[in-house]
Amino acid sequence: MSKYKLLVYLKLLYIYKRYAKRVVTPGLHCALPCIAMGIPVIFFGDPDDYRTSIIEELGLEIHKIPNLKTTRNSIGKELENSFDYINWTPDPIDIHSKKMK
C-alpha cells in the first residue's frame, strides 16, 4: 500500500470518528471500523453472503438491498415499502467484551 493511500484511509477514519453521528453503508470496510469506534451503523447487504456474517455476529442487523429489477411503475412502491421497517436511529453496539478477546 502506498503512503498516499494510507494517508487517505487514515483521514477517512478521522472524519468518521470526529463527525459521524450515524453511518449507512453497504461496505464492510466502512461498517467495521465505525462499529469499533462506537458509531451507530445501518448496514445494507446480502444476509446470505458469508463475508457479512461478522456483522450479524456483532449483533447488527443486515438490511437486504431492495430488488430494483422491476418495472418502472413498481420501483417507487417497492422502495417506499422497503425502508419502513428500518430503525434509522440505532444505538451503537457495545463490543467491548469482543474487543477484549
What distance do [X] atom [atom1] and [Y] atom [atom2] have between them, rounded to the nearest 0.5 Å?
| X | Y | atom1 | atom2 | value |
| --- | --- | --- | --- | --- |
| Asp48 | Lys64 | CG | NZ | 5.5 Å |
| Asp46 | His63 | CG | NE2 | 14.0 Å |
| Thr52 | Ile62 | OG1 | CD1 | 3.5 Å |
| Lys5 | Leu10 | NZ | CG | 14.0 Å |

Full working for side-chain contact (heavy atoms from CB on, under 4.5 Å) between Leu60 and Ile42: CA-CA 8 Å; Leu60 189 67; Ile42 300 169; over 6 Å; no

Shortest non-hydrogen contact between [X] and [Y], atoms and distance:
| X | Y | result |
| --- | --- | --- |
| Arg51 | Asp49 | NH2-OD2, 2.7 Å |
| Lys17 | Met37 | NZ-O, 3.4 Å |
| Pro90 | Pro40 | O-CB, 3.3 Å |
| Ile93 | Gly59 | CD1-C, 4.1 Å |
| Gly45 | Pro47 | O-CD, 3.3 Å |

Leu12, CG atom: more than 12 neighbouring heavy atoms under 6.0 Å: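 Yes, because the 6.0 Å sphere around CG of Leu12 holds more than 12 heavy atoms from other groups.
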
Find out whether [X] and [Y] are in side-chain contact, i.e. whether some heavy atom of one side chain is under 4.5 Å from a heavy atom of the other.
| X | Y | result |
| --- | --- | --- |
| Ile35 | Phe43 | no |
| Glu61 | Ile86 | no |
| Lys11 | Ile15 | yes |

Parallel, tilted or perpendicular: ring planes of Trp88 versus Phe44, cut at 30 and 60 degrees: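 It falls in the tilted class, 30° to 60°.
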
Cluster overlap Ile95 with Leu28, hydrophobic side-chain contacts below 4.5 Å: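 Yes: a chain of side-chain contacts under 4.5 Å links Ile95 to Leu28.
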
